[in-house]
There are 2 protein chains.
Amino acid sequence: MNHVDRIIGHAEQHCKAHGTRLTVKRKQVLMGLIQSDKALSAYELLDFCNRQYGEKMPAMSVYRILEFLEDEHLVHKLSLANKYVACAHIVCNHAHAVPQFLICRQCSKVKEIAIEPATINELRANVSEAGFKLISTQLEMNCLCEGCIEQAA
Amino acid sequence: MNHVDRIIGHAEQHCKAHGTRLTVKRKQVLMGLIQSDKALSAYELLDFCNRQYGEKMPAMSVYRILEFLEDEHLVHKLSLANKYVACAHIVCNHAHAVPQFLICRQCSKVKEIAIEPATINELRANVSEAGFKLISTQLEMNCLCEGCIEQAA
DNA sequence: ATCGAGATGTTACAACATATCATTTGTATT
DNA sequence: AATACAAATGATATGTTGTAACATCTCGAT
């Protein structure tokens, strides 16, 4: 049983536990994201799936399925890049802190990390001083990944 | 001379100093953003300008002009909200640190702040540990503004 | 006055996203 | 197994956001 299958297995369990179903199409879309191992736009993902599985899924379905997967916390939408990425923690069974996303602007690889709570609190304090209130600590940051840093050097 | 006019005056100086021109149309678009006092989508801004100045500017022009204004650092694009906002520092003549943006998800008001350098450095360190490199500390954060916090309470 | 660069207009279209209604599928009940 | 209902998907249309390409206009320098 390979890595992808293990993740899909977990996703299936997760859905079952939530009274939802990871249907064939949903599985295909999620697998597309996992296999790509980077963030994809909805239409990139659509093309990938259609090539990979020899189907002709309509765009509508991909959007619907992405919405479902987001609701199940199996996929994250990255507004900064306008792309979607598989959650990095599907195989973990424990709860995670609110994640932050490092997005490689070169190749769309994404790393999901947990910023130090102390740092988050400093941020929150800075925001608070400005009279605003942070409603999400799910930060997205424009970065370069290891591979693309080397390439640039 | 009112507030808006003062800002526009500064913007004009700024452009002159950079060998560019703040034309009538560009002025209209910038004034639209300043008057709105919040982030607007390109098409919202287009509508605003067309109503305000009785014109029929094509969408293309707004995008072109926004690009120009961004290049001149008179306008910021907020990817998180897919909207544009006037720079808060047009009237200042001194240089500013890379700004961070607090975006009210309720009303699109935006506050441009400077996060503590120490906090930024912690963030950068966190990113670095993950093997990535921050290429912009221009963070965008989903918030509620003062007005909308009260309203919600 | 004329010329050229830069700005704007026009048209077409690509990319991203949602609304709505029809059809199919999967599951629970009989 | 037949039925019937809910959930999922298909199909179509349309709305929103953004760009490409080429034509025209305008301002400023000569």
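Just so it is clear: chains get the letters A, B, ... in the order the sequence lines come, proteins before strands, and each one is counted from 1.
- Residues from residues 17-36 of chain A that place a heavy atom under 4.0 Å from any atom of DNA chain C, listed by number: Arg21(A).
- If you take CD on Gln28(A) and CG on Leu22(A), they are separated by 10.5 Å, rounding to the nearest 0.5 Å.
- Residues forming a ring-ring contact (aromatic ring centres under 6.0 Å, His included) with His89(A) (at least two apart in sequence, or on another chain): His96(A).
- Partners of Glu55(B) according to the salt bridge (Lys or Arg N to Asp or Glu O under 4.0 Å) rule, which considers only residues two or more places apart in sequence or in another chain, are Lys25(B).
- Residue pairs meeting the ring-ring contact (aromatic ring centres under 6.0 Å, His included) criterion with at least one member in residues 97-121 of chain B, sequence neighbours excluded: His76(B)-Phe101(B).
- Legend: residues meeting side-chain hydrogen bond (donor to acceptor under 3.5 Å, both in side chains) with Gln52(A), ordered by chain and number and at least two apart, are Gln35(A).
- The salt bridge (Lys or Arg N to Asp or Glu O under 4.0 Å) pairs that include a residue from residues 9-18 of chain B are Glu12(B)-Lys27(B), where partners are two or more places apart or lie in different chains.
- Between Leu45(B) atom CG and dG18(D) atom C1' there is a gap of 14 Å when expressed in whole angstrom units.
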Between N or O atoms, less than 3.5 Å apart, protein on one side and nucleotides 16-18 of chain C on the other: list the pairs.
unit_1: dC16(C); atom_1: O3'; unit_2: Asn82(A); atom_2: ND2; d: 3.4
unit_1: dA17(C); atom_1: OP1; unit_2: Lys77(A); atom_2: NZ; d: 3.3
unit_1: dA17(C); atom_1: OP1; unit_2: Asn82(A); atom_2: OD1; d: 2.8
unit_1: dA17(C); atom_1: OP2; unit_2: Tyr63(A); atom_2: OH; d: 3.1
unit_1: dA17(C); atom_1: N7; unit_2: Tyr43(A); atom_2: OH; d: 3.3

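- Considering Ile103(B), Ile34(B), Leu78(B) in turn, Leu78(B) is the only one that fulfils the side chain to side chain contact (heavy atoms under 4.5 Å, CB included) rule with Val85(B).
- Across Gly32(A) and Phe48(A), no two heavy atoms sit closer than the pair CA-CE2, 3.4 Å.
- The aromatic ring centroids of His14(B) and His10(B) lie 6.0 Å or more from each other.
- Straight-line distance from the CZ atom of Phe68(A) to the P atom of dT9(D): 9 Å, rounded to whole Å.
- For the atom pair Gln151(A) CD and Cys107(A) SG, the distance stands at 8.5 Å (nearest 0.5 Å).
- Note: CD (Glu67(A)) to C1' (dA8(D)) measures 13 Å, nearest angstrom.
- Within the 4.0 angstrom heavy-atom criterion, only backbone atoms of the sugar-phosphate kind lie near Pro58(A); the bases stay farther away.
- Separating the CZ atom of Arg64(B) from the P atom of dT17(D) is a distance of 19 Å, rounded to the nearest angstrom.
- Screening residues 57-84 of chain A for salt bridge (Lys or Arg N to Asp or Glu O under 4.0 Å) gives Glu44(A)-Lys83(A) as the qualifying pairs, with residues at least two apart or on separate chains.
- Applying the salt bridge (Lys or Arg N to Asp or Glu O under 4.0 Å) test to every pair with at least one member in residues 103-130 of chain B, sequence neighbours left out, gives no pairs at all.
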Report all interatomic pairs (protein N or O, nucleotide N or O of nucleotides 3-6 of chain D) with separations under 3.5 Å.
none

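- Screening residues 137-149 of chain A for salt bridge (Lys or Arg N to Asp or Glu O under 4.0 Å), with sequence neighbours left out, gives no hits.
- Of the residues in residues 46-57 of chain A, none has a non-hydrogen atom less than 4.0 angstrom from any atom of DNA chain D.
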